[in-house]
Amino acid sequence: MPRRRLTARALVKDVWLLGRLLCEAIEASDGRETREIVERVRALSVTGRRKTSPRLNDKLAPFCADIPPRTLKRVVRAFSQFSQLVNIAEDAHQARVQRFGIADGEPAMPGTIARSLSVLAAAGVEVEDIRKLLSEAVVSPVFTAHPTEVRRKSVIDIEQELARCLSRLDQPGLTAQDADRYREDLERATTTLWQTNSLRGRRLQVMDEILNGLSYYDSTIFRVIPEVYGALENQLRASPWSFGPDALPPFLRMGSWIGGDRDGNPYVNGETLREALRLQSERVFSFYLRELHSLGAELSLDDRYVKVSRDLQRLATVSPDRSEQRRHEPYRLAISGIYARLAATARKFGSTELVREPVAAAPRYQNPTEFAADLATISKSLIANGAEKIAVGKLRSLQRAVDVFGFHLVSLDLRQNSEVHQRVIHELFESVRPGTSYEALAESDRIRLLTEELRSFQLLVTPLKTYSAETMSELSVLREAAEAHKHYGSASIPNYIISKAATPSDLLEVMILFREVGLFRPDEPEAASVNIIPLFETISDLRNSHNVIQTVLATEAYRTYLKALGGKQEIMLGYSDSNKDGGYLTSGWELYKAEMAFIRLFEREGIRLSLFHGRGGSVGRGGGPSYEAITALPPGAVAGSIRLTEQGEVIAAKYSNPALGRRNLELLIAATLEASLLPSDAQEPDPEFLHAMEELSELAFGAYRSLVYETEGFERFFWEATIIGEIAKLNIGSRPASRSSSRRIEDLRAIPWVFGWSQSRIMLPGWFGFGSAVGQWLTGHPDGLQTLQRMHRDWPFFQTLIANMEMVLAKTNMALAARYVDLAPDAPAHEKIFARIKDEWEATTAALLGITDQASLLENNPALKQSIHHRFPCLDPLNHMQIDLLRRHRAGERDQDTEEALHLTINGIAAGLRNSG
């Protein structure tokens, strides 16, 4: 029997096992009655979902409403945890498939490095093409702190232990005794999970977000990144190209916004930036010191039995370790000396605690290159003296880690809104040239003033002036960045993102601010060290983005600045706000068009283009499978460089354990190789497809804007028919839900916008407008359905767009959504709006089924269909209980149990949907 079927059975078994263990923990802690209520709710939910009728489950809703208040919070907790346990089982299943799921003789899975190299070889790609690409490549997932990860760190730790317990049960040759022991570990972890509070007692602080992000390095990334490099090197050596023994350049690097993203977050400042950098550095030094200690224990080689190189002997001689016991163990002496030097370096960088104290004081390393050189000395000596197998083990992994992480661990991006820059620049000009009125100037006059100023060595900032708190805060952050470059190196803060970029002056303003703190010097333009990255977010800004970049590239000062940075410009594309502004279809199409326009522009200008994709977890914010999203980009859009954000709950879903982390990073590398090196003519879309998409987008844009921005009462509908008001009060992140105090949709951040629709199971940002667009378009194109079917078959962009929308439609539940609408006081007006939404959902579903030639959603995606089958019996009860809790809460029942139960439903629904924010 193929192992793939065996692993599918194992998934069902894991779901059943974890559910049973949780029920046993509930009974042990809360009694038989609570367990029976939980099991009754689940049975009703399962039965209801088996019905062919789309009607609301007529038994589940009233049963949930009648649960005694003293028991309700416990039942809510149970289903919230059930949702997360299904996630754990699915993640363990995915890891199992990676290890065992490919039967002998079958091709490798799409998205694996082995398969990608096979595809490239078949396409005639030469070894030099791969070598050149990897020498310039950048593959960088960037962690952000957006607040859709609603769980406490303590709960995440317990869930990771549960995942480890499940993976131990997959070990080959497991004895019955070991299996019993691991099941007991599972029981203990499940009981701990049930008896641990999953709600935060206070709102998350920026420091909490920094530490949460760093925790994934200890659990996953430190181990996985060296593994991924090693796997790629091994695959290349075994490939038809015979790549050679050279180590790959460190093209795979982690990025972060946590502690540097100030857009809409008043709590990120110079102090938090400084502490973020220190914590990152402390984490990587702790890792290096642990690995050195372990390596020293391993390298017990005796110079009476093995030769060593002259350089290795020198390291042993200068080591401060004078132990008589180790005088014939030169490798241990060398490592002891390296440890002492690294410990001194760690203290210099602000580390307060060391893994172990060094044997004696030693001079610190000036930079990571010196540390790497000492490790290379050990490696070369081992290889030259018959111990290559030792050199390619733990030591090689440590060497790769130093290449990637340096002394700074992760590249931290800075981000701020363009409107803040404008206000700061206005204030600085007014302080030295009153009456300049910078903010009132036309764009052409702004550009002229800024370019003239960039030629001046005279600073605008003077200690003789007093500035506003906003200006002082911005200057403080930039001064800390300049200090970080001196302390950690320019790789510590390599990028500055401008949110809401809309004009050329937005980029030039940042150059002025860099000059004020020493990050840019007009007399030394070749010393530029920070990439200035515009983020284009709204539909109008995307449409105008080509003109903005074309204009700024014609500015001599900026062109010189780019040349100093290697002639490469990075541009960030905003999926979230473009979706909120124009809807799912139009957002996706305008992003695609902007990418094509940039590719043509940069080819003409002779400048390398790098795209940074601001994707969220949900489809409404650019989410969906990363491999498919990258390979569906326009030809030339990758060119060896891809950066994308990993946000909210997506970080845990992709990096909570080493198997998941490795799979995700391999997917990114595989997609980058294929998108960059496969012949582009095979990827060029049919002009007929482009024309059809333009027309469909305009129709969808009109339908979406008509509902969201032109329908009277829609703003009130959103706030009353979703849980957005309660979400805004949750302790789920350090930044406010809106950019201002208003309730306008324009001011609402994209994350709570999508999160609110997800909780009510309407999922509107992931599909609205498509059905209307297709229906109208087909009336003018008699053969249009065949065209759309060909687009779906032959165009990766359209395939991905449809696949992601299908996932969202399958998670939508209009019967449940109707119960949320009933909560609103103005029922007639809200029912009218909801009727439009429901009609559009039906039209969109029908259009998708026609294009994909399916009788039902997910007919061609059995894996996702099975996932929904497992998780939605746990999810639907949470929605019913949330609705009843909302009704009580809005009626004035504000007791602690009601509020905590309401928050628990939010946790559970987010976990059950997986990509909700």
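Nothing here was measured: the structure is a model prediction, and the numbers come from that model.
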A.B. asks: By side-chain hydrogen bond (donor to acceptor under 3.5 Å, both in side chains), which residues pair with Glu595, not counting sequence neighbours?
C.D. replies: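 In terms of side-chain hydrogen bond (donor to acceptor under 3.5 Å, both in side chains), with neighbours along the sequence ignored, Glu595 is linked to no residue.
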
A.B. asks: Would you find a donor on one side and an acceptor on the other, under 3.5 Å apart, between the side chain of Arg521 and the backbone of Gly518?
C.D. replies: no

A.B. asks: Under 4.0 Å between a side-chain nitrogen and a carboxylate oxygen: does that hold for Glu439 and Arg446?
C.D. replies: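 No.
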
A.B. asks: Any chance the rings of Tyr229 and Phe251 have centres within less than 6.0 Å?
C.D. replies: yes

A.B. asks: Taking NZ, NE, NH1 and NH2 as the nitrogens, is one of them in Arg223 or Asp218 under 4.0 Å from a carboxylate oxygen of the other?
C.D. replies: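 A salt bridge is absent here (no side-chain N lies under 4.0 Å from a carboxylate O).
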
A.B. asks: Thinking salt bridges, do Arg448 and Glu452 make one under a 4.0 Å N-O criterion?
C.D. replies: no

A.B. asks: Would you say Arg643 and Ser610 are linked by a side-chain donor-acceptor pair, where the criterion is simply a distance under 3.5 Å?
C.D. replies: no

A.B. asks: Specify whether Trp257 and Phe612 have parallel, tilted or perpendicular ring planes, treating 30° as the upper limit for parallel and 60° as the lower limit for perpendicular.
C.D. replies: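 Ring orientation of Trp257 relative to Phe612: perpendicular.
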
A.B. asks: Under 4.0 Å between a side-chain nitrogen and a carboxylate oxygen: does that hold for Arg559 and Glu605?
C.D. replies: yes

A.B. asks: May I ask you to say whether Glu227 pairs ionically with Arg400, meaning some side-chain N is under 4.0 Å from a carboxylate O?
C.D. replies: no

A.B. asks: In terms of side-chain geometry, is the basic nitrogen of Lys500 or Asp541 positioned less than 4.0 Å from the acidic oxygen of its partner?
C.D. replies: no

A.B. asks: Going by an N to O cut-off under 4.0 Å, is there a salt bridge joining Arg274 and Glu271?
C.D. replies: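 Answer for the salt bridge query: no.
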
A.B. asks: Once you measure the plane-to-plane angle for Tyr561 and Phe520, does it fall in the parallel (<30°), tilted (30-60°) or perpendicular (>60°) bin?
C.D. replies: perpendicular

A.B. asks: Are Ile156 and Asn212 packed together at the side-chain level, in the sense that at least one heavy-atom pair is separated by less than 4.5 angstrom?
C.D. replies: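 Sidechains of Asn212 and Ile156: no contact.
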
A.B. asks: Run the salt-bridge test on Glu453 and Arg433 with the 4.0 Å N-O cut-off and return the result as yes or no.
C.D. replies: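 Between Arg433 and Glu453 there is a salt bridge, with a charged N closer than 4.0 Å to a carboxylate O.
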
